[in-house]
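First the structure, in the form of C-alpha cells, and then the observations on it.
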Amino acid sequence: MLKATLRSFLAHKGRLLLSALAVLLSVAFVSGSLIFSDTVGRTFDRLFASTSADVTVTPKEDLESQIPSGATPTVPASLAQRIAEIDGVADTHVDASVENITVVDRHNESVGPTTGAPTIATNWYVTDRSPVKLTSGHAPEGAGQALLDADTAKKKDVRIGDTLTVLAQPGSFKVKVVGIATFTTTNPGAALVFLDTPTAQTELLGSPDAATGISVTAAPGVSDTVVKQRIAAALGRTTYQYQTADEQAESSAASLGGFLDVIKYVMLGFAGIAVLVGVFLIVNTFSMLIAQRTRELGLLRALGADRRQVRRSVLTEATLLGLVGSTLGLAAGIGLAFGLIGVMGALGMNLKSTEIVIGWATPVSAYAVGVGVTFVAAYLPARRAAGVSPMAALADAEIAGVGRPLKLRAVVGSVVGAAGAAALVGCALSTRTASAASLLGLGVVLTLVATVTAGPLLVRPVIRVLGAGFPALFGSIGRMSRRNALRNPRRTGATAAALMVGLALVGGMSVASASMTESFDDQIDRTLGADFIVQNQNFQPFPREVTDRIRATDGAGLVVRQRFSPVAVRTPDGERIETTAAAYDPRLDEVAHITYAEGDTAAALADGSLAVDRKFAKDHGVRIGSTVPVEFPGGRKADLKVAALTDQGTGDGFGTQGGLYFGFGTIETYVPGGQDSALYVNAAPGTTADQLRSRLEKTLDPYPQVQVRDQADYKKLVRDQIAVLLYLVYALLGLAIVIAVLGVVNTLALSVVERTREIGLLRAIGLARRQLRRMIRLESVVIAVFGAVLGLALGLVWGVCTQQVLALQGMKALAIPWGTVVAVVVGSAVVGIVAALLPALRASRMNVLAAIAHE
C-alpha cells in the first residue's frame, strides 16, 4: 500500500501542484511574520540592553495615557547631585530628551522621518553605552550648535555648517550643524539632534533646572537592583519612577511590541485567509482525484485492501503534499522576512539581514499549519475513498451516492444558517455595542459556514439564472457550458466558495467603510462651523508661537484654541475611567455646532465646570450638577461640576471616551504649559476664505508640520484614514483571488481530464477548437460569477449589520458602494476568463482519436 501510495502521489504531482501552492502561501505568511518579528525583537532587545543605564530616575507616571497636551514631564536636575552622594553610585548625568519637536532646514522643509518614527532632540554626552559615536566635526559647545545623526544627514542632504531650526515647546531656535554622529547599533529610524546639556535644558524644557530623567551608573560590585532600592529609599519610593537596565529594556521592548504586533497580526491575517481559502481548494482537489480514481480504488479493494488502508493511503498523499508545501513555504517565508527587513531599511529602520533569527517555533508552526491544514482538508475525501466498493473496479464511474450528502447539507446548512441569521438580527436589534459586536462575530461565522455548507444546493437555481442568456448569446456552446457547471453541484459550490470568502470580506468592509465615511461627512457638516482648522499633520500638539502667529495673521478673525489632556475620572458608579479631555476658548459656538441635551457652551467652559456626553453620563450615573473628581497628569486633582450634557450623535469630535471638555482656564490651572492641538479660525469681516487660506499658509511656511484644513480637507483626511483599512482588505482580497484562481484552474484542469473521452467525441462530431475553448471559458466565468454573487450577498448583509454596530457609536449613515459591487462582479468574470486560459488551451490540443480511446 505504501508503494502504491507513493506511485499514485508521483503520478498525480502535476494535479497536486496548485494545491501545494495554496499550502505554500499559507505557510510563507506564517513563517515570514514569525521570523521578521523574532529578528526585530532580538535586535532591539540587544539595543535596549546595551544602551540602558544601570538605573534611571524619571517622573512618576500618574496616568497611563501619553500626554497629548504637549507638556513634557520633568524632574529637578539637582537630583543628579543628590543621587551621586548615595552609596553604591559611581556616576550620574542629567537627561534632557524630547520627541515633541520638529526640525526644518533653511528651506523650511522637515528633516525628520516621514515614516512615523520620532524626531528626538537630546543632550550630548558620551558613555560606553552610547548608541552613536562622533564620526566627523566636533561636539556641540554652547547655544547655537548641534550634532545630527548620519542617516538623517545623508537622507536629507544636510552637511556640517548648515543651519537648522528646531521648533520646540518653549519656542523655536536655530542651530548650526557642527558634527555628524553615526549609529553604532541598529538605527530605529528616528532622527536625532544633539545639543549640549545646558542648551537642551533651556531650549527644550524651558528651564536650566529641569531634566527628563537622571541616568545612574552603579559602582563596581554593586547590583542595579541594590542601587535602585537605595535611590528609592533616599528620594521616596512613590515620588519618582525607578528602573534598572533590565526593567528599562523590558519597558522599551514592550513599547516596540505594539508596532511589531501590528505587522505580525496583519501577516497572520493574510495567512488565515490563505489557509481558509486553501482548505476549499484542497478538499475540491482530493474529491475530484478520488472520483477520477474510482476504478483504481475499486481494484485495490478487490485485491484485498480494506477501508482503513484506502483511507490511510489518501491521507498519506495529503501528508506528503503538506510536507512539500510546508518546506517550500518555509523557504518562501524566509525570503519574505528578508524582503520585510529590506522594506524596513528603506523606511529608515536599518536591520542586519545577517542577524536573521529563526526560532524553533517557526518551523514547528510552519509544518503544523501546512501538514495540519492539508490533512484536515483531505479527511472527508479520504473517508469517501474508503467507501468505494470493490465492484467499482468493473466500471469507470464516479463514487455512488454523490447526491446523498446534499440532503444532509440542506439540513445542516438550514440549521446553522437560521442560527447565524438569528445572531445577525440580534446584532441589529441590540442597544449595547459589546453585545452587538459579539453577535455580529457569531453571525458572520455561522452564516459563512452555512453558505459554504449549503452552497451546492444554490448552484442549480442561481447558475440557471446567471447563465440564462448563454444559449441566446452563444448558441449550443453556451448551453453546454451552463450544463457543465450544473453537472456536479458539490464541485461547483466548493470551487466558488474559495472566491466567495474573499468577496464576502471585501463586500462587508466596503459597506462598513462607506458608511463610516458618510457618517463622518455628515458629522463634519453638522458640527464644524469654522472656516479653517489649523492642525499638526499627525494631530500632535504644536509650539505656542504657532498660535501667536496665526492670531497675528492679517485677515484672521476669531481664533479658538483646542488643547487635550489625559484625565482619570471617578464616576458616581465607582468606576475609574482613564480618557482624554479637551479644553476650548470661549466663543466655541461660533466655530462649532454642538447639540446639547442639557446646558450650553457658556456653562461647560466656565471655570470649575465640564461637559460630558449624554450616553456616557447615563451609563455611569452622571447628571447635571454632579461633582466629578478628575485627576490630571502630575497628580493634580480637581472636583469639576457637570454643567452640560452633549448629544452629538457620533463621538462628538470634542474628546474621546465620554466626550469630556472644559474651559481653557481649567486646563491652564491643572496642566500648565501645554501646547495647543488645533486652532479653529474664522475670517475677519472683509476677508474671503480664499484670501485667509493663502495668508495662513504663508504664516505657517516655517512650520511644515502644521497644516490648514477646511471642511473639504477634513473630509478627505478622514477618507484617507479609512482607506488605509480598505487597502488592507483589498490586499487580503487579492490573496484570496490568487488562491481562488488556482482553485478554478485546478477544477477545470481536473474536469478536462475527467471529460477527456467526452471532449474527444465532441471534437469528432464537429466541435471546433475555438468553440471548445469558449465552452470551457464560459463554464469558468459562470462559476466565478456564482461565487461573486454569493460572496457579495453575504458581504452586504455583514456590512449592513456592521453599520448597525457603528450606529451605536453614533455613525448612523448607511451607504452601499454600488460601484464597488458592480466592479467586483465584472472583475469576477475576468477572473473566470483568466483561470480558464490554460485548461481550455490544453483541452483544445487533445488528439481526437486518443481522447476517444481514453478510459
Side-chain angles (χ1 to χ4, degrees), residues 36 39-41 43-44 47-48 51 66 68 70 72 97-124 130-133 135 146-160 162-169 172 175 177 179-195 200 204 212 252-253 255-263 266 339-353 535-543 675 700 702-707 717 720-721 724:
F36 174 75
T39 300
V40 175
T43 299
F44 278 93
L47 168 65
F48 298 142
T51 59
Q66 181 182 4
T72 302
S97 178
V98 298
E99 296 183 13
N100 58 343
I101 63 161
T102 301
V103 181
V104 299
D105 60 18
R106 59 190 177 88
H107 302 294
N108 288 329
E109 293 181 359
S110 174
V111 301
T114 58
T115 58
T119 299
I120 301 172
T122 186
N123 57 318
W124 173 258
S130 298
V132 296
K133 65 178 180 180
T135 51
L147 298 180
L148 189 66
D149 73 274
D151 294 331
T152 301
K154 180 180 179 181
K155 192 176 300 182
K156 301 295 182 177
D157 194 25
V158 178
R159 297 180 174 85
I160 292 177
D162 288 354
T163 298
L164 303 175
T165 301
V166 181
L167 310 174
Q169 178 194 350
S172 61
V175 294
V177 178
I180 301 296
T182 302
F183 278 92
T184 58
T185 59
T186 297
N187 178 1
L192 267 65
V193 178
F194 297 95
L195 311 169
L204 302 179
T212 53
S252 300
S255 300
L256 178 69
F259 162 73
L260 292 181
D261 285 346
V262 171
I263 297 178
V266 167
L340 283 171
I341 289 173
V343 170
M344 290 296 104
L347 296 177
M349 184 184 290
N350 298 323
L351 301 171
K352 296 180 180 179
S353 57
Q535 278 182 320
N536 189 302
Q537 186 173 1
N538 297 319
F539 303 103
Q540 295 298 310
F542 44 76
Q675 294 180 331
L700 294 174
Y703 309 94
Q705 82 278 24
V706 185
Q707 297 181 348
L717 182 68
D720 290 344
Q721 290 177 332
V724 173

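Note that the structure is predicted; figures quoted are calculated from it, not measured.
Applying the side chain to side chain contact (heavy atoms under 4.5 Å, CB included) rule to A200 yields the partners A96, N123, L195, L204; only residues at least two apart in sequence or on another chain are considered. Listed by chain and number, the residues in a side chain to side chain contact (heavy atoms under 4.5 Å, CB included) with R159 are D157, D162 (sequence neighbours excluded). In this structure, the side chain to side chain contact (heavy atoms under 4.5 Å, CB included) partners of K133, at least two apart in sequence or on a different chain, are T135, T184.
Under the 4.5 Å side-chain criterion, counting only non-hydrogen atoms from C-beta, T152 is not in contact with V158. The shortest side-chain heavy-atom distance between I180 and I160 falls under the 4.5 Å cut-off. Contact of the T165 side chain with the V103 side chain is not registered, since no non-hydrogen atoms from C-beta on lie closer than 4.5 Å. Using a 4.5 Å cut-off on side-chain heavy atoms (C-beta onward), N536 and P541 make no contact.
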Working for side-chain contact (heavy atoms from CB on, under 4.5 Å), residues L164 and V177: CA-CA 7 Å; L164 303 175; V177 178; 3.7 Å; yes
Verdict with supporting geometry, F194 and L192, side-chain contact (heavy atoms from CB on, under 4.5 Å): CA-CA 6 Å; F194 297 95; L192 267 65; 3.4 Å; yes
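In this structure, L148 CG and K156 NZ are separated by 11.0 Å, a value rounded to the nearest 0.5 Å. For the atom pair CD1 of I101 and CD of Q705, the computed distance is 10.0 Å after rounding to the nearest 0.5 Å. Taking OG1 from T182 and CG from D151, the interatomic distance works out to 7.5 Å, rounded to the nearest 0.5 Å. Summarising the geometry, atom CZ belonging to F542 is positioned 11.5 Å from atom OG1 belonging to T102; distances are rounded to the nearest 0.5 Å.
A146 and V193 get closest at one heavy-atom pair: CB-CG1, 4.0 Å. Contact record, I120 with A190: CD1-CB, 4.2 Å, taken as the closest heavy-atom pair. What you find for S110 and P704 is that their closest heavy atoms are N-CG, 3.9 Å. The nearest pair of heavy atoms linking A191 to G112 is CB-CA, 4.2 Å.
In terms of modelled atom types and a separation under 3.5 Å, the side chain of S130 and the main chain of V132 share no donor-acceptor contact.
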